[in-house]
Amino acid sequence: MFKPKSYKRYKPEGIYDAIIIGSGIGGMAAGSLLSQKGYKVLLLEQHYTPGGFTHTFKRGDWEWDVGLHYIGEVNKSNSFLKLLFDEISDGSLHWHEMSDVYDKVIIAGRQFNFPKGVNNLKAYLKQEFPGEEAAIDEYFNLIFKAANAALLFFMEKTFPAWVSKLIGNLMGYWFHQYSDRTTLEVLQSLTKNKELIGVLTAQFGDYGCPPSKSSFAIHAMVVKHYLGGGAYPVGGSQSISNSILPIIEKGGGETLVGARVKQVVIKNGTATGVEMEDGRILKAKHIISNAGAYITYTELLPKQYGAAVGIPGQVPNSPSHLSLYIGIDEDITPYLNGNGNFWIYPTADHDATIEAFGKDMNAEFPVMYISFPSSKDPHWKEKHPNKSTVEIISVAKYDWFKEWENDRWKHRGEEYEALKEKFSQRMLKYLYKAVPQLEGKISFYELSTPLSTKLFANYKFGEIYGLDHTPERFRMKNLRPATAIKNFYLTGQDIVSVGIGGALIAGALTAQVITGNNYLTQISKKKKDMKKLGK
Ligand SMILES: Cc1cc2nc3c(=O)[nH]c(=O)nc-3n(C[C@H](O)[C@H](O)[C@H](O)COP(=O)(O)OP(=O)(O)OC[C@H]3O[C@@H](n4cnc5c(N)ncnc54)[C@H](O)[C@@H]3O)c2cc1C
């Protein structure tokens, strides 16, 4: 278990090669790759625990993940993401494959399964939707075309500005054929069957933006990501920081928690360090922000930089969410019929239900996601015998909780607690419907609100996934590692896409721009070589 230093007790000195603001997977990945190239890295995390959305927290004998329930494309030893994870963790991070059915979608009471393997999923859908065979084939055709076009688009983000000016548009051309269209537009061009559209877009919660607003590109990337099945980190998501942060230390660097950066120090258009909340200045040759584009451009940098790149304003923030963390004094695996996640929807029209709920918090929840983390981790039972965890997630408006935004954590008063309790009871009903055997067995539950996301991850409005994934987002020229400020860089989900995989690739892109080492090409080559050798 990696133990980071606390900024309260340890004040770093000297000039670092790189300071990274935020220890999300993007920041950790960039930090690991830079450390392996000899850079002395200082990773600064405002929370009391590292990892960003990969961190876990404990209550009694239970432990929960915050922002990782399943990830795709790591089940095969030669997959790009698996190889990149190996690179940043020196092969010490391991994955456990989920059950064949990784997602179970329930729409208006009818269940649909998402089985591992594109051919299995296609065959299943064709059986459930007779007469829609051609639409289903064309849908998967477009999923692959859009997701594959993303590679060139993201590679272009590492090019110097003058090269981008010359060939940037060309490299993004194919990707924009898909990213400029909404998910709904594309699906409505394939079929009139509303239930089928509801099922095919049922994973929209993974990117947080309903079909009429989301770019088809993010839909395609997320769907393709999971086609080979889901996986979960062995030992839970805190294993991610436990496997990466020692590499930064080995390279002479440090990770500090409780270390909140107030702003980036810029002299004559060049970033030279950061000012901490206590006024101390820490210096480095390169400054990287993993704090999300919104916070970076509205709080960490002088406002004129944000105005120049169109933040805030050009792209909305993603919605905020509620998470109900549940503890049970029993191994619940026998009740589950596999460890797949549930996605529960009242109707197939996700846009309409999201809109109705946004206007009235007492309307039916537009989506309910249920995950069973303890049943996904092969090491859980050793560490937590006869205990189980469940997590239930849905959307919520920040405004519903705004009146308590300045109150201290755990001191927000009775009215706030009563609101939380009301939401918790409503959410528990979905669990009992999905797994009736769990009724009466809950020993513990705690609800996190958008205020928790704001406090622990510093997303200003408790946004679940940073910037929203609309078509406009993928047209923003400045969501890339290098910025207009010399020696100042961005990393994390906003420059690639939501998801552990997206933010991880962002970390590699940022390290690539700083070191000049072409990680993406190297990993792609490794992948091809392994495939040739049949590994
Ligand atoms: C509820 C939920 C469920 C999710 N489920 C999944 C899933 O199942 N699979 C999947 O692939 N993805 C999932 N995601 C998405 C995934 O977790 C994120 O896309 C990804 O982790 C974002 O990583 P990041 O590198 O952008 O940084 P983040 O994880 O967002 O971390 C940013 C860090 O910066 C720190 N910070 C901010 N400001 C400062 C400051 N001023 N000074 C110091 N530190 C600062 C924050 O405290 C935070 O730790 C989920 C997310 C959420 C919220």
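It should be emphasised that the depicted structure is a prediction, and the values quoted were computed from it without experimental measurement. Start at 1 and go down the list; that is how both ligands and their atoms are numbered. Residue indices begin at 1 and follow the sequence shown.
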Do Tyr489 and Ser289 come close enough that some side-chain heavy atom pair is under 4.5 Å?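 No, side chains not in contact.
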Quick check: does [X] get an N/O under 3.5 Å from an N/O on ligand 1?
| X | value |
| --- | --- |
| Tyr465 | no |
| Tyr70 | yes |
| Tyr369 | no |
| His69 | yes |
| His47 | no |

What I want to find out is whether [X] reaches [Y] closely enough, with some N-O distance under 4.0 Å, to be called a salt bridge.
| X | Y | answer |
| --- | --- | --- |
| Arg260 | Glu45 | no |
| Glu156 | Arg480 | yes |
| Lys262 | Glu277 | no |

Mode of [X] contact toward ligand 1 - side chain, backbone, both, neither (heavy atoms, under 4.0 Å):
| X | result |
| --- | --- |
| Ala457 | backbone |
| Ile500 | both |
| Ala259 | backbone |

Looking only at protein heavy atoms, which one is nearest to atom 6 (C) of ligand 1, and how far off is it?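 Of every protein heavy atom, Gly67 O, 3.2 Å lies nearest to atom 6 (C) of ligand 1.
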Which atoms of ligand 1 are found less than 4.0 Å from any heavy atom of [X]?
| X | value |
| --- | --- |
| Gly52 | 29 (O), 31 (O), 48 (C), 49 (O) |
| Ile464 | 52 (C), 53 (C) |
| Arg260 | 42 (N) |

With a 4.0 Å cut-off on heavy atoms, is Tyr207 in contact with ligand 1?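 Contact absent.
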Close approach, Asp65 and ligand 1, non-hydrogen under 4.0 angstrom: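 For ligand 1, residue contact (heavy atoms, under 4.0 Å) with Asp65 is absent.
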Checking Asn341 against Lys376: is there a side-chain donor and acceptor pair closer than 3.5 Å?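 On atom types as modelled, these side chains qualify, holding a pair under 3.5 Å.
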Under 3.5 Å, is there a donor on one side chain and an acceptor on the other for Ser215 and Thr470?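 On atom types as modelled, these side chains do not qualify, holding no pair under 3.5 Å.
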Can you label the angle between the Trp343 ring and the Tyr369 ring as parallel, tilted or perpendicular, going by 30° and 60°?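 Judged by the thresholds at 30° and 60°, the geometry between Trp343 and Tyr369 is tilted.
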